[in-house]
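Position 1 is the first residue of the sequence, and the numbers go up from there. Every heavy atom of this structure was used, including side-chain atoms; hydrogens, water molecules and symmetry mates were not. Not measured: the values here are computed from a predicted model.
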Amino acid sequence: MALYSEKVMDHFRNPRNVGTMENADGVGEVGNAKCGDIMKIYLRIEQDVITDVKFETFGCGSAIASSSMATEMIKGKPISEALELTNKAVTEALGGLPAHKLHCSVLAEEAVRAAILDYYKRNHIPYNEEEFKQCKCAHCEEHA
């Protein structure tokens, strides 16, 4: 069995939605000090729907693939659905990640949530603070 699935390799070699976005409606940047990965997600939102999304990722192939897949999963979706994105869903959509690379999918989830929170704050939209404090990751000790 290969270390990485064909989907991971495809999203690494041909990342979707890569780049920056001028005048984004929301921007989220997260990083992992242990591995050095940094992800930045840009959102364009119209009538509570994510109409466009871009990302910049400094990191390994799993980080790039996770960012790419996460952007594909939320593009065209209402904000409420994007907030339901989990690292587990990203990992499954990629056909799995090695255990030591699961933190990459966690970063993708966190970057999406950070961008949505930024959008809420910029537009003075009320939000539940507790919803943004809770990590949905199922494996990570530091988020348990």
Side-chain angles (χ1 to χ4, degrees), residues 1-46 48-122 125 127-144:
M1 182 171 132
L3 184 61
Y4 295 105
S5 72
E6 287 183 33
K7 275 200 174 180
V8 171
M9 294 307 296
D10 181 41
H11 277 269
F12 166 64
R13 290 184 182 126
N14 307 294
R16 283 68 153 178
N17 307 306
V18 70
T20 62
M21 182 184 295
E22 286 192 36
N23 303 313
D25 296 313
V27 180
E29 183 172 352
V30 298
N32 182 316
K34 291 180 185 176
C35 67
D37 293 335
I38 299 170
M39 291 183 187
K40 194 169 189 177
I41 300 269
Y42 303 84
L43 301 176
R44 174 91 54 235
I45 299 172
E46 295 174 18
D48 285 336
V49 173
I50 298 170
T51 58
D52 197 12
V53 57
K54 300 284 184 204
F55 80 91
E56 293 179 295
T57 294
F58 177 81
C60 65
S62 295
I64 292 166
S66 293
S67 301
S68 176
M69 181 58 79
T71 62
E72 285 289 279
M73 293 174 77
I74 66 168
K75 193 172 189 176
K77 303 282 192 232
I79 294 172
S80 59
E81 284 185 37
L83 280 171
E84 295 300 316
L85 180 75
T86 64
N87 72 298
K88 182 178 178 185
V90 172
T91 300
E92 288 174 358
L94 286 170
L97 287 171
H100 67 284
K101 293 295 184 177
L102 288 174
H103 67 275
C104 296
S105 63
V106 173
L107 282 177
E109 173 189 334
E110 290 175 346
V112 167
R113 294 173 67 74
I116 292 170
L117 179 60
D118 181 56
Y119 168 73
Y120 285 165
K121 287 180 177 181
R122 287 181 189 206
I125 297 170
Y127 61 92
N128 180 349
E129 288 183 31
E130 290 301 312
E131 183 176 5
F132 287 91
K133 289 181 183 177
Q134 298 171 355
C135 179
K136 296 180 182 179
C137 111
H139 76 279
C140 188
E141 289 177 15
E142 63 191 20
H143 296 102

Let me confirm one number: the [atom1]-[atom2] distance from [X] to [Y], rounded to the nearest 0.5 Å.
X	Y	atom1	atom2	result
Glu92	Met69	CD	CE	11.5 Å
Ile50	Ile41	CD1	CD1	9.5 Å
Glu29	Thr57	CD	OG1	10.0 Å
Asp52	Asn17	CG	CG	7.0 Å
Phe12	Ser68	CZ	OG	11.5 Å
Leu83	Arg113	CG	CZ	5.5 Å

Are any side-chain N or O atoms of Asp118 and backbone N or O atoms of Val27, one a donor and one an acceptor, separated by less than 3.5 Å?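 Yes; judged by distance alone, with no hydrogens or angles, the pair exists.
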Is any side-chain heavy atom of [X] less than 4.5 Å from a side-chain heavy atom of [Y]?
X	Y	value
Val90	Met73	yes
Glu129	Tyr127	yes
Arg16	Asn14	yes

Taking all atoms of both residues into account, what is the closest heavy-atom pair of [X] and [Y], and its distance?
X	Y	result
Ala63	Met39	O-CE, 3.4 Å
Arg44	Ala24	NH1-CA, 3.6 Å
Ser80	Glu84	O-CG, 3.4 Å
Val112	Ala82	CG1-O, 4.0 Å

I'd like to know if the side chain of Tyr42 pairs up with that of Glu56 as donor and acceptor (distance under 3.5 Å, no hydrogens or angles considered).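 There is such a pair between these side chains.
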Please name the residue in the list Asn87, Asp37, Ile64 that meets the side-chain contact (heavy atoms from CB on, under 4.5 Å) test with Cys104. Asp37
Do other residues, nucleotides or ligands put more than 12 heavy atoms under 6.0 Å from the NZ atom of Lys75? yes
Considering residues, nucleotides and ligands other than Phe58, do more than 12 of their heavy atoms fall under 6.0 Å from its CZ? no
Apply side chain to side chain contact (heavy atoms under 4.5 Å, CB included) to Tyr119 and Ile79, showing your working. CA-CA 10 Å; Tyr119 168 73; Ile79 294 172; 3.5 Å; yes
Partner residues of Thr91 under the side-chain contact (heavy atoms from CB on, under 4.5 Å) criterion, sequence neighbours left out: Leu97, Leu102, Ser105
